[in-house]
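In what follows, residues are counted from 1 in the order of the sequence shown. In listed order, ligands and their atoms are each counted from 1.
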Amino acid sequence: MKAIEVRDLRKSFDSGRIRALNGVNLEVDGGEFISIMGPSGSGKSTLLNMIGALDVPDSGTICVAGRDLSRERDLSRLRAEEIGFVFQLHNLIPNLTALENVEIPMFAVKHENMEERAMELLEYVDLADKAHRKPTELSGGERQRVAIARALANDPSIILADEPTGSLDSRTSQRVLRKLRELQEDEGVTLVVVTHEPDVAAMASRTIRILDGVIVDDGY
Ligand SMILES: Nc1ncnc2c1ncn2[C@@H]1O[C@H](COP(=O)(O)OP(=O)(O)OP(=O)(O)O)[C@@H](O)[C@H]1O
Ligand SMILES: [Mg+2]
């Protein structure tokens with residue numbers, strides 16, 4: 001079973017005037033680490049949002065962890081169970097602490113000992129000592145690591161990261177990336193990272209290139 005299977009995916013905006021995705025086909029194996037590169041506006045985030053069931057395509061099919069998204073009744077549940085998101089912007093809720101931010105996804109799945117688990121995840125990203133700080137009291141790299149901890153809250157099989165290190169200096173960005181790669185290597189998590197940075201893409205085992213809503217190089 002493929003972790004992700006996308007067939008002839010199409011998506012337009014603005015009553016069809018903007019064709020963001022023009023027939024995308026993509027297969028990702030379980031445990032693979034792929035990067036997606038392409039110019040601004042080429043459709044990277046649109047593709048990621050659709051794989052993550054945050055938006056619906058005009059046509060085409062998407063299977064995630066063997067589940068056809070168009071046949072799922074409860075997409076938010078599927079998201080909570082299978083997928084962890086790491087976004088570049090607006091990633092944490094400002095008036096909650098790091099710890100509370102990590103707990104949020106757990107409400108959908110109703111874990112026991114949510115606080116304890118959130119603390120373990122913050123330990124994993126080396127931020128246990130800052131668990132009670134608000135996002136504004138953390139550095140950019142620390143916020144991204146909180147976002148990674150939050151993405152892991154429900155043990156997802158897939159992590160989707162949209163420019164997770166876009167705003168970070170290269171040292172911090174390496175640190176965030178290493179954490180993501182460690183997950184892929186140690187836990188077998190499937191990792192899809194959208195990036196503009198060649199050194200980030202170089203960490204992946206395969207780089208997909210997208211241009212004007214089509215994949216022009218799928219890295220094989
Ligand atoms: N909600 C929306 N409404 C209208 N147009 C949109 C919407 N989301 C994306 N688009 C358009 O779809 C195209 C693809 O956008 P997308 O965000 O996927 O690009 P991207 O490759 O992620 O770019 P970037 O590298 O700048 O993040 C762009 O032309 C964009 O303006
Ligand atoms: Mg984008």
| query | Is it true that Asp162 and Lys44 make a salt bridge, defined as a side-chain N closer than 4.0 Å to a carboxylate O? | reply | no
| request: Not counting sequence neighbours, which residues clear salt bridge (Lys or Arg N to Asp or Glu O under 4.0 Å) with Lys2? List them please. | output: Glu27, Asp29
| query | Can Arg175 and Asp126 be counted as an ion pair, charged N to O under 4.0 angstrom? | reply | yes
| Cationic N near anionic O, under 4.0 Å, Arg77 to Asp74 | no
| said: Using the side chain to side chain contact (heavy atoms under 4.5 Å, CB included) criterion, which residues pair with Arg206? Sequence neighbours excluded. | reply: Leu26, Val28, Glu32, Ile34, Ile208, Asp218, Tyr220
| message | Give the residues near ligand 1 by chain and number, with the criterion being a heavy-atom distance under 4.0 Å. | response | Phe13, Ile18, Ala20, Pro39, Ser40, Gly41, Ser42, Gly43, Lys44, Ser45, Thr46, Glu163, His196
| task | Would you give the length of the straight line joining atom CG of Asn49 to atom CG of Leu47, rounded to the nearest 0.5 angstrom? | result | 9.0 Å
| said: One thing to verify: whether Arg67 and Glu82 come together as a salt bridge, which I'm taking to mean a side-chain N less than 4.0 angstrom from a carboxylate O. | reply: yes
| task | Before accepting this row, confirm whether a basic side-chain N of the pair Arg19/Asp14 lies closer than 4.0 Å to the acidic partner's carboxylate O. | result | no
| note | Any protein N, O or S atom under 2.8 Å from the Mg ion (ligand 2)? Found Ser45 OG
| Could Arg79 and Glu81 be called an ion pair, given the rule that one side-chain N must be under 4.0 Å from one carboxylate O? | no
